[in-house]
Amino acid sequence: MAEEKSSDFSRRKFFNVVGGSSLLTFTGGLGIASAKFFYPGVLYEPQSTFNAGKPEEYQAPGEGEEVIVDERWKKKQRVWIIRTKTGIYGLVAVCPHLGCTPNWFPGETVFKCPCHGSVFNPDGEVVAGPSPEPFYRPMISLAPDGSMIFTTGLLGIRRPNLQTVKKHADVFWHEDEQEIITKPPFFLPVQA
Amino acid sequence: MEENKDKSRLQNLIDSIVKAVMENPVYKSIFRTGYPDTLLKRMSVMRTSIVMHILPTKVGVHGLKLRYTWCMGGITFFLFLILTLTGVLLMFYYIPEENRAYNDMKDLRFMVPFGMILRNMHRWAAHAMVLTVMLHMMRVFYTGSYKAPRQFNWVVGVLLLLFTLLLSFTGYLLPWDQLGFWAVTVGTNMASATPFFGYEGPFHELLGVQVDNDIRFAIIGGTRIGANALVRAYVWHCVGLPLIATGFMAFHFWRIRKDGFSGPL
């Protein structure tokens, strides 16, 4: 008996450790596998890239108008294409608050979200309501034939990504960052 | 004399039938304790019946007072049973597919015999269940029934409230109408603000979480509410959540039986 007790690592303890660690590995693996199961490897969602036609197809604003918001891609791609006097840019029609689809009101020249009442100007900036961020902007590239390819990517590109950080620091824009929405790839200059 | 003889023959016949029935092993395995004429036998009836064993073997008079219990827990459970039954029937006609879901719901209302009352029973029972769960919670709170030794059952009850709301929420998407669609869009977007695991939440960049691998993605099976979200809501609504809720409910009732009804001593 005394000899058995002198061994610190008994047979029982050995099997407890082996059994316990096996069980832990098994349940842990099962947990990870179960979590992983809910992330499918392929999505059958609308493509995040689409051909929006040639810039000439979008009517330029006339006398006394600042912008013309084109809604032809809104239903299919959730993108507004906005023609200003100097060019074209896109806005992703997803409210950055909780994901509803805002509506364009040409008379008031604002976007309004029906869910919680956020209001945005044609630049996509928040004028009123709970939205913490402006609209995302898709990237525009030109195909060889001159038509515009819009890329929203992973929900699109939010105007400079640093913006959230900047806003918290009370510095909304850096001078050089402000440029980003006035030049390619987020803005396509078009001759009047 | 003739009458007596006839009567006793009839009596004998009845007696022999009663004897044959009551000594039958099937009868004996259903009614195990005999006529419950003593307290012990009455408690034994409760203990040996699968239906009655949910209840405590002994209930004080105060526990039966409607003024005290409001029977809110019982009504909630009754509504859960109605929802299970009507829900299973709805599953015969409803297919969770983008192009069919809304039409199937409309067909259930207008083309399926008794479909209108079936769907409305499911719908109103669901609304009522949320209400009765809350009233039950209020009653338990105001009578102090959450106190020791019942504090753990209160916690289970709060979880059951959560599962009731989750069942309501997942069921909201299934008609695939504008109301449910945008409500679930908004509701699941809140998950994207989860710290670490939501793509808009604080510290999400530490784990490399973005829109296609965050917690919201696991809930709706995509980056937007679509076909995957509909099937996921359906499976959680019809199988996953009811099973979990049933497990917690069994525990909830078992705990009531062990602790007894609260109330004036």
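Order of the sequence lines fixes the chain letters, A, B, ..., with proteins taken first and strands second; residue numbering starts at 1 for each chain.
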Checklist entry - Hey, does the side chain of A:Y39 reach the backbone of B:D214 with a donor-acceptor pair shorter than 3.5 angstrom? => result yes
Item to check | For A:L98, the option from B:T188, B:N189, B:T185 that meets side chain to side chain contact (heavy atoms under 4.5 Å, CB included) | outcome: B:N189
Next on the checklist: I need the A:H97 NE2 to B:E200 CD distance, nearest 0.5 Å.
Outcome noted: 10.0 Å
Next on the checklist: A quick test of your reading: do over 12 heavy atoms of other residues, nucleotides or ligands sit less than 6.0 Å from CZ of B:F253?
Outcome noted: yes
Checklist entry - Can you name the nearest heavy-atom pair linking A:P40 to B:F217, along with the distance? => result CD-CE2, 3.6 Å
Checklist outcome for this item: Scanning both residues in full, the closest heavy-atom pair of A:F38 with B:R232 reads O-NH1, 2.9 Å
Item to check | Close side-chain approach of B:N228 to A:L43, heavy-atom, < 4.5 Å | outcome: yes
Checklist entry - Does atom CZ of B:R123 have more than 12 heavy-atom neighbours from other groups under 6.0 Å away? => result no
Checklist entry - Is it true that atom CZ of B:F92 has more than 12 heavy atoms of other residues, nucleotides or ligands lying nearer than 6.0 Å? => result no
Checklist entry - In terms of heavy-atom contacts, does CD of A:E57 have more than 12 from other residues, nucleotides or ligands at under 6.0 Å? => result yes
Checklist entry - For the candidates B:I225, B:V186, B:N213, B:I219, which exhibits the highest count of non-hydrogen atom pairs separated by less than 4.5 Å from chain A? => result B:V186
Checklist entry - Checking A:C100 against chain B: side chain, backbone, both or neither under 4.5 Å from a heavy atom? => result both
Next on the checklist: So for atom CE, which belongs to B:M52, do other residues, nucleotides or ligands contribute more than 12 heavy atoms lying within a distance under 6.0 Å?
Outcome noted: no
Item to check | B:Q151, CD atom: more than 12 neighbouring heavy atoms under 6.0 Å | outcome: yes
Checklist entry - So which of B:A218, B:G226, B:G222 has the largest heavy-atom pair count under 4.5 angstrom toward chain A? => result B:A218
Checklist entry - For B:F181, does the CZ atom sit with more than 12 other heavy atoms under 6.0 Å from it, leaving out its own atoms? => result yes
